[in-house]
Structure formats: structure tokens, C-alpha cells
K.L.:
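Pasting in a structure now, in C-alpha cells, and then I'll have a few things to ask.
All residue numbers refer to positions in the sequence shown, counting from 1.
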Amino acid sequence: MNKLVIGYTAGVYDLFHVGHLNLLKNAKNMCDKLIVGVTTDELVAYKNKKAVIPFKERIEIIRSLKYVDAVVAQDNMDKLEMCKKLKASYMFVGDDWYNTDKWLDYEKEFEKEGIKIIFFPYYKGTSSTLINEVLHKLRL
């Protein structure tokens, strides 16, 4: 009997756009069950940011996507602990983090637990940051 391959990814998913969709679609293609962590408003605030869309709405948007099998609240920075708790084989992230000191360290920690980090190409078009900048300029 084949082992169920579980994948995990996490994000704020504020101002949802096609870059988010591409990452989730690609991630789902690599696992049997894709679990997505949606960053809580409290954790977003901890990172000195503020989500435009409230957590309850963001998690409902992600839950409704056909590529997503389950959704959890990501309420701390410890993605390794979440992967272990969910028995994930893969952690999916955008390649804007590739080869950064933080993620090079993470790769070693995840590898010790038998979890592989997969970096997907960062979408070069629309981003939540770009949308926020445009909205800010429109409101001036």
C-alpha cells in the first residue's frame, strides 16, 4: 500500500492573486493531500504588517480552492513543527526565499525530519505588495 504524500505550504494570502494560485496548483500536483496554513491576523501583526482581508475571510477563500484539501491556521513562525504535526513529506515555498541564510538553515532542519523543501518559481507579475502599492497611490 502506498503512503499518502502530504504537502504543506503557508502564507498570508492577502489580496489573493494568480501567483498564489500557481503555487497552490503546482504544490497539489506533487502530493496526494495539500494542506495550506493561512497566517492569522495576530501573526501578521507580529511581523509588523497588516492584512487588508481579515483572517476568517482569507481562510475561507483558500478553503474553497479545488487544489486545497485542508486548511489550518498558521499562528506561529514554526513551519517545521506544523509539518511534523501534519506528517507532511513536502514543504512548498516560493523561490524568492531560495538560497537565503534563513531557508538554507531550514532545509537542514527539515531534512533531519525527512521533509523536503520544494521551491517554486516566484511569480514575477502581480504580487500582494504591488497591489498594496497601487491601492495606496490611488487613495492619495
Side-chain angles (χ1 to χ4, degrees):
M1 188 168 155
N2 290 340
K3 180 185 167 208
L4 183 72
V5 178
I6 298 171
Y8 181 71
T9 190
V12 178
Y13 302 106
D14 195 24
L15 306 176
F16 192 83
H17 57 79
V18 74
H20 294 133
L21 186 64
N22 287 343
L23 186 138
L24 297 173
K25 181 172 29 173
N26 290 332
K28 178 59 181 170
N29 284 332
M30 293 190 66
C31 60
D32 300 312
K33 183 175 186 177
L34 178 62
I35 303 173
V36 179
V38 177
T39 306
T40 62
D41 291 335
E42 294 77 16
L43 185 57
V44 173
Y46 167 79
K47 295 158 85 173
N48 293 318
K49 296 185 177 180
K50 184 170 182 2
V52 174
I53 310 296
F55 171 75
K56 284 185 176 185
E57 293 177 25
R58 290 183 284 116
I59 202 166
E60 196 55 40
I61 290 166
I62 301 305
R63 181 180 286 119
S64 72
L65 298 172
K66 70 179 182 179
Y67 306 111
V68 176
D69 297 299
V71 182
V72 296
Q74 180 72 44
D75 59 6
N76 64 60
M77 299 293 286
D78 195 343
K79 292 177 181 70
L80 176 57
E81 194 56 42
M82 185 64 86
C83 283
K84 286 166 46 177
K85 180 180 172 184
L86 299 171
K87 298 179 176 36
S89 302
Y90 296 111
M91 169 79 197
F92 302 107
V93 295
D95 72 358
D96 49 326
W97 295 107
Y98 185 70
N99 265 342
T100 62
D101 290 341
K102 179 180 177 178
W103 280 90
L104 287 169
D105 290 342
Y106 281 167
E107 280 186 280
K108 291 174 193 159
E109 291 175 39
F110 278 69
E111 192 176 316
K112 286 179 196 167
E113 300 295 332
I115 302 164
K116 181 158 178 56
I117 296 177
I118 305 291
F119 294 93
F120 286 122
Y122 185 73
Y123 186 70
K124 302 288 189 260
T126 307
S127 71
S128 296
T129 302
L130 181 63
I131 293 170
N132 266 319
E133 287 171 1
V134 169
L135 288 173
H136 179 74
K137 288 176 185 170
L138 288 173
R139 291 181 183 130
L140 292 178

K.L.:
Quick check: closest heavy atoms across L86 and I6, and the distance to 0.1 Å?
P.N.:
O-CD1, 3.5 Å
K.L.:
Classify the ring geometry between F120 and F92 as parallel (under 30°), tilted (30 to 60°) or perpendicular (over 60°).
P.N.:
parallel
K.L.:
Distance check, rounded to the nearest 0.5 Å: K25 atom NZ versus K66 atom NZ?
P.N.:
8.0 Å
K.L.:
Distance from M91 atom CE to E113 atom CD, nearest 0.5 Å?
P.N.:
14.5 Å
K.L.:
Would you compute the distance between atom NZ of K28 and atom NZ of K33 and round it to the nearest 0.5 angstrom?
P.N.:
9.5 Å
K.L.:
For the residue pair L23 and H20, establish whether any side-chain heavy-atom pair is separated by less than 4.5 Å.
P.N.:
no
K.L.:
Indicate if L24 and F55 have the same hydrophobic cluster label, given that clusters are the connected sets of ILVMFWY residues with side-chain heavy-atom separations under 4.5 angstrom.
P.N.:
yes
K.L.:
Please round to the nearest 0.5 Å and tell me the distance separating atom SG of C31 and atom CG of N26.
P.N.:
11.0 Å
K.L.:
Without swapping roles, check the side chain of E42 against the backbone of V44 for a donor-acceptor pair under 3.5 Å.
P.N.:
no
K.L.:
Tell me if a side-chain donor or acceptor on R63 pairs with a main-chain N or O of V71 at a distance below 3.5 Å.
P.N.:
no
K.L.:
Where the side chain of D75 meets the backbone of T40, is there a donor-acceptor pair that is under 3.5 Å apart?
P.N.:
no
K.L.:
Walk me through whether D41 and R58 qualify under side-chain contact (heavy atoms from CB on, under 4.5 Å).
P.N.:
CA-CA 10 Å; D41 291 335; R58 290 183 284 116; 2.6 Å; yes
K.L.:
Under a 4.0 Å N-O cut-off, is there an ion pair linking K50 with D14?
P.N.:
no
K.L.:
What's the shortest heavy-atom distance between M82 and A73, and which atoms?
P.N.:
CE-O, 3.5 Å
K.L.:
Would a distance-only check, ignoring hydrogens and angles, find a side-chain to backbone donor-acceptor pair under 3.5 Å from K84 to A88?
P.N.:
no
K.L.:
Give, for atom CD1 of I53 and atom CD1 of I61, the distance between the pair rounded to the nearest 0.5 Å.
P.N.:
6.0 Å
K.L.:
What I want to find out is whether E111 reaches K108 closely enough, with some N-O distance under 4.0 Å, to be called a salt bridge.
P.N.:
no
K.L.:
Compare every heavy atom of A10 with every heavy atom of Q74, then report the nearest pair and how far apart it is.
P.N.:
OE1-CB, 4.0 Å
K.L.:
What class does the angle between the rings of Y13 and F16 fall in, given that below 30° is parallel, 30 to 60° is tilted and above 60° is perpendicular?
P.N.:
tilted
K.L.:
Here's a test for you: under side-chain contact (heavy atoms from CB on, under 4.5 Å), which of I117, L80, I115 qualifies with E109?
P.N.:
L80
K.L.:
Indicate the atoms forming the closest heavy-atom contact of C83 with Y8, along with that distance.
P.N.:
SG-CD2, 3.8 Å
K.L.:
Considering all heavy atoms of both residues, which atom of L34 and which atom of D69 are nearest to each other, and what is their separation?
P.N.:
N-OD2, 2.7 Å
K.L.:
Other residues, nucleotides and ligands only: do more than 12 of their heavy atoms fall within 6.0 Å of OH on Y90?
P.N.:
no
K.L.:
Indicate, with yes or no, if L15 and V12 share a hydrophobic cluster defined by side-chain heavy-atom contacts under 4.5 Å among Ile, Leu, Val, Met, Phe, Trp and Tyr.
P.N.:
no
K.L.:
Considering non-hydrogen atoms only, spot the tightest contact between Y67 and L21 and give its length.
P.N.:
CE1-CD1, 3.9 Å
K.L.:
Is the backbone N or O of V5 less than 3.5 Å from a side-chain atom of D32, with the two atoms forming a donor-acceptor pair by type?
P.N.:
yes
